[in-house]
Amino acid sequence: MKNQELARIFGEIAEYLEMEGVRFKPYAYQKAALTLAALQEDVGEVYRRSGLKGLRAIPGVGESIASKIEEYLTSGKIAYYEEFKRKLPIDLDAIIRVEGMGPKKAKVLYEKLGVTTLEELEEAARSHKIAPLFGFGDKTEENILEAIEFLKRSTGRFLLGEILPIAQGVLAKLEALPEVTTVSTAGSLRRMKETIGDVDFLAISAEPAKVMDFFVSLPGVVKVWGKGGTKASVRLQQGLDMDLRVIPAQSYGAALQYFTGSKEHNIALRKIALDQGLKLSEYGLFKGSEAVAATSEEEVYHALGLPYIPPELREDRGEIAAARAGRLPALIGYQDIRGDLHVHSDWDGGANSLAEIAAAGQRLGYEYIGIADHTKFLKIERGLDEEALLARNLEIDRLNRSFEKAGLSFRLLKGCEANIMADGAIDIVDEVLAQLDFVIAGIHSHFKMNREQMTARLVTAMQNPHVDIISHPTGRIIKRRDEYAIDLETILTVARDTGTVLEINSYPERLDLNDLNIRRAKEMGIRMVISTDAHQIDQLNLMIYGLGQARRGWAEKADIINAWSVTDLLQSLKKPAAGQL
DNA sequence: GCCGTTTTCGGCCCGACTGTTTTCAGTCG
């Protein structure tokens, strides 16, 4: 699938055009890049099916970009892009990551000083060659060096799962201040993106100065970047930056909308405003100088003729068109989960007993928890063999009887997370699989197989009538390991045809399926399960991260089997074919 | 270069900040 490669190339072309000072074209290429990056279908498939005409039907793709896509698909290169790279052989990607450096400055530094890499940029600044240039100065040179230092130290974006607990702690402290009327997070955190750059807070307060003082002296603050009357910016010892803005109550909604983003969503909204003779900014929606809407987000959306759009959808991935057409999904809610189907007990490498897990599940208000212990191939996790699985089942039966006797509407379900071997076989015999309420199967070995083999391996597993769920289907570990080489279209098609459920794994490093894949699966009518993969009961709380991704993937209750009652859930799983038992 | 429930030509997102300039370009979010 070439979508991401093409998106990257068009994004770079946009930067090159920006360098040349070309007007408007960069915007067009940028838009095409964003559309391609978010496109569900393989662009090559679109081309094979409907040719240039099909490509041009993609929003933001016209005659010129369509022919460039064609050129790339047929020859592997785009001459227009190669020409730019030849003329301006700059590592743009690296250089514009330096705060304050953009394409224009990069071009000047290349032409005057021959700077093409981050190292050369640093060298030029250190030897004071930049300050004397026209349009630059001492301060710019200093800032470049500081920004490069920051880049070297920073680890890039943080996992949502690392940041949300920290942000919730700060939020609670701000909420507790008597001077604070209202406070909320904004930005990518509020949209539940899988990784977060920095954290934004917005607050209403009659005494902003006191709130600022409190914010910059929070425990864990190691540096105050800036502190003014209504805005402060700090760094925490974890290396994370946080911003706080105090907003007047009358424009809080417009500010919350604005600072929640995404940028692309906001741009699209402002266009709608313009079409209606209105102007949208962080201060409100204006007709001339009169504010039409500003105090709440709902008001802003309604004044634009749209229903409220939940933050998780605000990525300019079609949510505005859906809102206009009255076809926004009724997203699964954070309270809709009725159980967790992927929990490891101390029968395998997990930390807690079945009774402890059941008690934790009841505290969460769950109706069921599925015990999905590892199976025998996974020695390192003390995976269970057939005999151990059956013994564990007896204990689950015993516990369930005691819950029933106590009048509790809670039960443990008997499952396992079996291993999909290199040939697609499952490491537990069918007779035992058939005695479980559900079977999850996942890949835990041989990660480096080629695309055909890996796809065939998963297809074989899904065709097994005992396999109900595939865990962490793509295998990616954020910032550490890429997806397995798989043909996801084939996987999705077979999942649909065999009625196999795909997991949305809530581990912050996994979030697998991710938001875009969840959306593709949903559109194909594939059912999913949001699971924590908890190895200790504290991790049952990871559910929120999977839920966030499910919402970002437009999932509704009907798409997520553990938002259903235990009866509906069990009925929806595959039945072993007759004669297989 | 793309696009059109006003448009096939004339538009294309907004405001603030910074550092450099004597009125503004570049960058950022």
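A note on names: the letters A, B, ... follow the listed sequences, proteins ahead of strands, and every chain is numbered from 1.
The side chain of A:S64 sits closest to B:dG1 out of B:dT27, B:dT21, B:dG1. Distance from the side chain of A:P103 is smallest to B:dT27 among B:dC2, B:dC12, B:dT27. For A:K263, taking side-chain heavy atoms from C-beta onward, the closest of the listed nucleotides B:dG29, B:dG1, B:dT21 is B:dG29. Comparing B:dT20, B:dG15, B:dC12 by their nearest atom to the side chain of A:F24 picks out B:dC12. Comparing atom distances between the A:E282 side chain and each of B:dG15, B:dT27, B:dT20 picks out B:dG15 as nearest. Closest to the side chain of A:S281, from the set B:dC2, B:dG26, B:dG15, is B:dG15. Which of B:dT18, B:dG15, B:dC14 sits closest to the side chain of A:N143 comes down to B:dT18.
With DNA chain B read from its 5' end, the first of the two nearest nucleotides for A:Y283 and A:F259 is the one closest to A:Y283. Residues A:R97 and A:A131 both approach DNA chain B. Their nearest nucleotides, taken by heavy-atom distance, put A:A131 toward the 5′ side.
The separation between A:R23 atom CZ and B:dC2 atom P is 18 Å, rounded to whole Å. Separating the CD atom of A:Q276 from the P atom of B:dT6 is a distance of 11 Å, rounded to the nearest angstrom. What separates CG of A:L17 from P of B:dG1 is a distance of 8 Å, to the nearest Å. Per the geometry, CD1 belonging to A:I96 stands 9 Å off P belonging to B:dT27, to the nearest Å. The NZ atom of A:K231 sits 9 Å away from the C1' atom of B:dC17 (whole-angstrom rounding). Rounded to whole Å, atom C1' of B:dG15 lies 12 Å from atom CZ of A:F286. Remark: P of B:dG4 and CD1 of A:I272 are 13 Å apart, rounded to the nearest angstrom. Remark: P of B:dG1 and CD of A:E71 are 13 Å apart, rounded to the nearest angstrom.
Because its glycosidic torsion is within 90° of 0, B:dT7 is reported here as syn.
Checking side-chain atoms of A:E120 against main-chain N and O of A:T116 turns up a donor-acceptor pair under 3.5 Å. Side-chain atoms of A:E70 never come within 3.5 Å of backbone atoms of A:K68 as a donor-acceptor pair (strictly under, hydrogens ignored).
B:dG26 is paired with B:dC17 under the criterion used here, namely a Watson-Crick or G-U wobble arrangement in which both key atom distances are under 3.5 Å.
Side-chain N/O atoms of A:D243 and A:S233 include a donor and acceptor closer than 3.5 Å.
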### Message
Assess the residue pair A:L269 and A:Q257 against the criterion (side-chain contact (heavy atoms from CB on, under 4.5 Å)); give the C-alpha distance rounded to whole Å, side-chain angles, the decisive distance to 0.1 Å, and a yes or no.
### Response
CA-CA 10 Å; A:L269 272 196; A:Q257 196 289 313; 3.4 Å; yes

### Task
Would you sort out whether A:R324 and A:I272 count as a side-chain contact (heavy atoms from CB on, under 4.5 Å), showing the intermediate values?
CA-CA 11 Å; A:R324 274 185 153 159; A:I272 291 179; 3.8 Å; yes

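Here the separation of B:dG15 from B:dT20, taken at their P atoms, is 26 Å to the nearest Å. B:dT23 sits 25 Å from B:dC28 when the P atoms are compared, rounded to a whole Å. Using atom P as the reference point in both B:dA16 and B:dC9, the two lie 37 Å apart (nearest Å). Taking atom C1' in both B:dC17 and B:dC12, the straight-line distance is 24 Å, to the nearest Å. Across the P atoms, B:dT6 and B:dC2 are found 24 Å apart, a figure rounded to whole Å. Taking the P atom of each, B:dT21 and B:dG26 are spaced 13 Å apart, rounded to whole Å.
Under 4.0 angstrom from either OP1 or OP2 of B:dT18 there lies no side-chain N or O belonging to A:T140.
For B:dG29, the base has a donor-acceptor partner in the side chain of A:Y258 [N/O atoms by modelled type, under 3.5 angstrom].
Paired with A:E315 under the rule side chain to side chain donor-acceptor pair (under 3.5 Å), one option of A:K263, A:H265, A:R191, A:K193 passes, and it is A:R191.
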